[in-house]
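In what follows, a structure is listed as structure tokens, so that the remarks can point back to it.
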Number of protein chains: 2
Amino acid sequence: MKRIADSTVRRLSMYLRYLEDLDTRGQQTASSDELAHLCGTTPAQVRKDLSFFGSFGKRGLGYPVHELTAHLREILGLQREWKVIIVGAGKIGAALANYRGFRQRGFTVVGVYDHDPAKVGKAWGDATIRSMDSLAQDIQREEAPIAVLAIPAENAQAVVDQIVAAGIRAILNFAPTQISVPPHVSLKSVNMAMELEGLSFALTNAGLLDQGAA
Amino acid sequence: MKRIADSTVRRLSMYLRYLEDLDTRGQQTASSDELAHLCGTTPAQVRKDLSFFGSFGKRGLGYPVHELTAHLREILGLQREWKVIIVGAGKIGAALANYRGFRQRGFTVVGVYDHDPAKVGKAWGDATIRSMDSLAQDIQREEAPIAVLAIPAENAQAVVDQIVAAGIRAILNFAPTQISVPPHVSLKSVNMAMELEGLSFALTNAGLLDQGAA
DNA sequence: CTAGCTTTGTGAAGATTTTCACAAGCACCA
DNA sequence: TGGTGCTTGTGAAAATCTTCACAAAGCTAG
């Protein structure tokens, strides 16, 4: 099987979101053109993306919304529940622990962990904050495959090494630093400062042609 | 001037982060090889990225750390202060308002806004939560060019239209929905559920070759 | 001053991703 | 049953991004 590009997976995820909307509203079929318009891409792109995984559409008609939704869920591995642990009970950790979008998609937070003894034991939504000491065994006991890292950059790599050793298989990293993992562990990083810097660049370089800011 | 790829800008941002570290530690020069290693890319990529903007290095020696740091700051438009407003005083808004990384990089939060009358007036870090009604005039008075959107998907496009009309020039969107802006406004979206789904996909498709999870 | 070692800057090659364009397939209608 | 209109699926072309490979340039030592 050919390798699937990261950008493709991202778009599949977006298609799924909008297909679910259409499905809820009872729409039977959707054309690549309609999906493309909703998702801000092109019809050809939609068709190419989907065609990696099979022929889901009917020519002349479009794609069956409900059926394609199910197919995409399966492709993305969302037909099951994923157990997730959150490491770091700061503001970002709080936002993530409460995020409805996760649960809606089948991601269940089974534990929140923090270094700080003052926070350990406090209830937080459904979960109670636990000590980092129990992190490794909890990963193994719960068989949680995914960890979300919401801790400062300094400790990040050390914590990663720890949870990788405990058997974690995927990490979503919010710490603003490069971290490295063995090849069998998947890693995605989100860096908010970096995103803002991208905007700063865009503003600065449009500004040269446009009107210089004060 | 040739168009700069988004991925290039992202890497520049990363180079800057690590160069600052090196600079703090007093290191004089850094080779493309060293930078690449720190940032998880290749030496050729580093050189190519930098060469878009000029010749900053010395052959046989590498790049002068302090000088290149300054160049990158200028390229990214970080030599000035950027005023930022945050729309949405939920958990995500809270995390962003408190995020040190923003201020460190020259992004100053000049206002936090929320729809909910119960929240309006409360102090939040340095800022006080204000009503959405004052949003438009505040953008104009403060000349804040950047908005961070941390609100539910439903209202997102409406709020965007509002702040675009008020003269915002860049938006960092955390609402899990596609939004559209006129061409003179820059837009970046961060979607945490989508990132997790990317991990789910990776796990699912590695799992077929590896050992299926329970 | 020259030889030797190192590292940049960059055209060209290679790889990947997106767009184009059109034949093939399906539904509907008369 | 055959014609018409629409939309998919997909090779091929175009565009974009990354890697390669090497000449040019600087530094050090003798």
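Throughout, a chain's letter reflects where its sequence line sits, starting with A, and its residues are numbered from 1.
- In the 5' to 3' direction, nucleotides of DNA chain D lying under 4.0 Å from heavy atoms of chain B begin and end at D/dC17 to D/dC27.
- With a 6.0 Å radius and a threshold of 12 heavy atoms from other residues, nucleotides or ligands, A/K91 has its NZ atom at or below the threshold.
- Regarding A/D49, its CG atom lies at a distance of 17 Å from the P atom of C/dT16, rounded to whole Å.
- B/S32 comes within 4.0 angstrom of the backbone, heavy atoms only, and of no base.
- Relative orientation of the B/F56 and B/H71 rings is tilted, given thresholds of 30° and 60° on the angle between their planes.
- Atom CD of A/Q79 has more than 12 heavy atoms from other residues, nucleotides or ligands within 6.0 Å.
- Only B/G57, B/K58, B/R59, B/G60, B/L61, B/G62, B/Y63, listed by number, bring a heavy atom of residues 57-65 of chain B to less than 4.0 angstrom from any atom of DNA chain C.
- In this entry the distance linking CG of B/L35 with P of C/dG9 reads 12 Å, nearest Å.
- Here the side chain of A/D23 pairs no donor or acceptor atom with the backbone of A/V65 at under 3.5 angstrom.
- Between the A/Q157 side chain and the A/S180 main chain, a donor and an acceptor come within less than 3.5 Å of each other.
- The residues B/E81 and B/R105 are annotated as not salt-bridged, no charged nitrogen and carboxylate oxygen being separated by less than 4.0 angstrom.
- As rounded to whole Å, 12 Å separates atom P of C/dT18 from atom CZ of A/R10.
- Taking the six-membered ring where tryptophan is involved, the planes of A/F53 and B/F201 are perpendicular, since the angle between them exceeds 60° and thus also 30°.
- Taking atom CG of residue B/D33 and atom P of nucleotide C/dC5, one finds them 18 Å apart after rounding to whole Å.
- Side-chain N/O atoms of B/Q27 and B/E34 include a donor and acceptor closer than 3.5 Å.
- The nearest whole Å value for the distance from the NE2 atom in B/H37 to the P atom in C/dT7 is 14 Å.
- For the pair A/S200 (side chain) and B/L76 (backbone), a donor-acceptor distance under 3.5 Å is present.
- Checked against C/dG9, C/dT17, C/dT19, the side chain of B/R47 finds its nearest nucleotide in C/dG9.
- Rounding to whole angstrom units, NZ of residue B/K48 and C1' of C/dA13 are separated by 11 Å.
- Comparing B/A44 and A/D6 by the nucleotide of DNA chain C that holds the closest heavy atom to each, the one mapping nearer the 5' end is B/A44.
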